[in-house]
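Below is one structure, written out as structure tokens; comments come after it.
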Amino acid sequence: MGQPQKDPVRLKALYSLLKADQRYAEGAEKLLQAAMAEHKPEQLQEETAVRLYKDVLSGSVTRIEQFEGCPFSHFLRYGLQLKKREEFDIEAMDIGNLYHRSLDLVFRMAASGHREIGEIDDASLMKICDEAVALTTRDYHDRIMESSARSRYIAGRVQKITRRTVWALKQQLLQGGFRTLGTEMPFRYREAQLDLHGVIDRVDCCETEDRVLVKVIDYKSGSTRFDIKLVRNGLQLQLVTYMDMALQLAGSRYPERSKVEPAGMFYYHISDPVIDYKLLNTVEDTEHKRLDALRLEGAVSEDAAAVLHMDKTLPLAPGSVITAKELRGSAVIQSAGACLLSGEGFEELMQSTRERMQEDADRILHGEIRVQPYRSGSKTRCDYCEYHSVCGFGDQLPGFSYRKII
Ligand code: SF4
């Protein structure tokens, strides 16, 4: 049987019948309203927006990314301050925090002995690692990590993966000539209507004869992948802002150097990749494969000399411009998805990010709250938004649409 045809005359007659019967009248009216509903974009009055947010927007870069991802979700989070009820349980965010704190502590413990992690032998480094994880998990949220068998299991996983991570970070540092300038480095970006605070997971520097090269690394425990399209559309602003701030931090740390330049900005994905041991013959093969799966991902300077300082193993001519094909041989940097930028390219990206953040602050303070999540390929902002039940968004419903990122 095919679909029943919608006959407007019959539908109207049916509606009249239902309306005339007081048992169904109310239900029929609701059905009619639902069928005719159309979403109309709304806007806060400027005065209301300023009372809600104050004259200067404060917070983190993530706040601006949330606005870019969907202005309405920003309004719910920062305007109405809607949050899930807190429960005494461990969530993905807690696990990310545990990794971040443990890794920071490992680097600080090494630095307290005036050493880089690359200068510590593997056995001693793993001891430091275990101690850092134990201290972090013990003190986390009223000892929540000791509260159940599940949380103790998670603490064990955090220890295992932190060990793996520290091992990989050490290998990456050993491949190049960078030294860690600092971990969990705080910064403040104060400009016009914005007052943003943040913490950069790690900044590495390399002093050459004529300049200081800067590399920033953001540890990710989730599934976020670097995507230059999203960067240029304001949906991944963190790394660019971190590089902008890191250049200033490095500039003040090396005042005698006239040139401080970007070498790369990367995500490091905290994970324990599954390796197919059957295909591998030696321990070295396995380690190589594992390191390959844990390579840094992000935007890299196309200046071959800068790349060589991150990965000495590449067969590059120092004065040349590197290509994606040449980068493919790197054991440190992923070539697939890597974005190669010139010095001007980095500068242009930082400048456009600063301008975009100011424009966004302006739009927020003018009351923009439209329900318009972004869509890029099969991914949308709604995929990981906790406000589904509040906004009523549906792209099939009249008046709603995605902001398409092409
Ligand atoms: S579910 Fe989607 S449309 Fe609704 S607030 Fe979240 S991101 Fe916006």
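Remember, it's 1-based here, ligands and their atoms both numbered in the order they're listed. In this text, all values refer to a predicted model and were calculated from it rather than measured experimentally.
In this structure a side-chain-to-backbone donor-acceptor pair under 3.5 Å is present from E119 to E116. Judged purely by atom type and a 3.5 angstrom limit, D201 uses its side chain to pair as donor or acceptor with the backbone of Y219.
Counting only protein N, O or S atoms, 1 lie closer than 2.8 Å to atom 2 (Fe) of ligand 1.
Classification of the F75-F72 ring pair by plane angle, with boundaries at 30° and 60°, yields tilted.
Looking at residues two or more places apart in sequence or on another chain, you find a ring-ring contact (aromatic ring centres under 6.0 Å, His included) between F187 and Y242. Remark: F393 pairs with F400, Y402 by the ring-ring contact (aromatic ring centres under 6.0 Å, His included) rule, at least two apart or across chains. With sequence neighbours excluded, the residues satisfying ring-ring contact (aromatic ring centres under 6.0 Å, His included) with H74 are Y53, F67, Y78.
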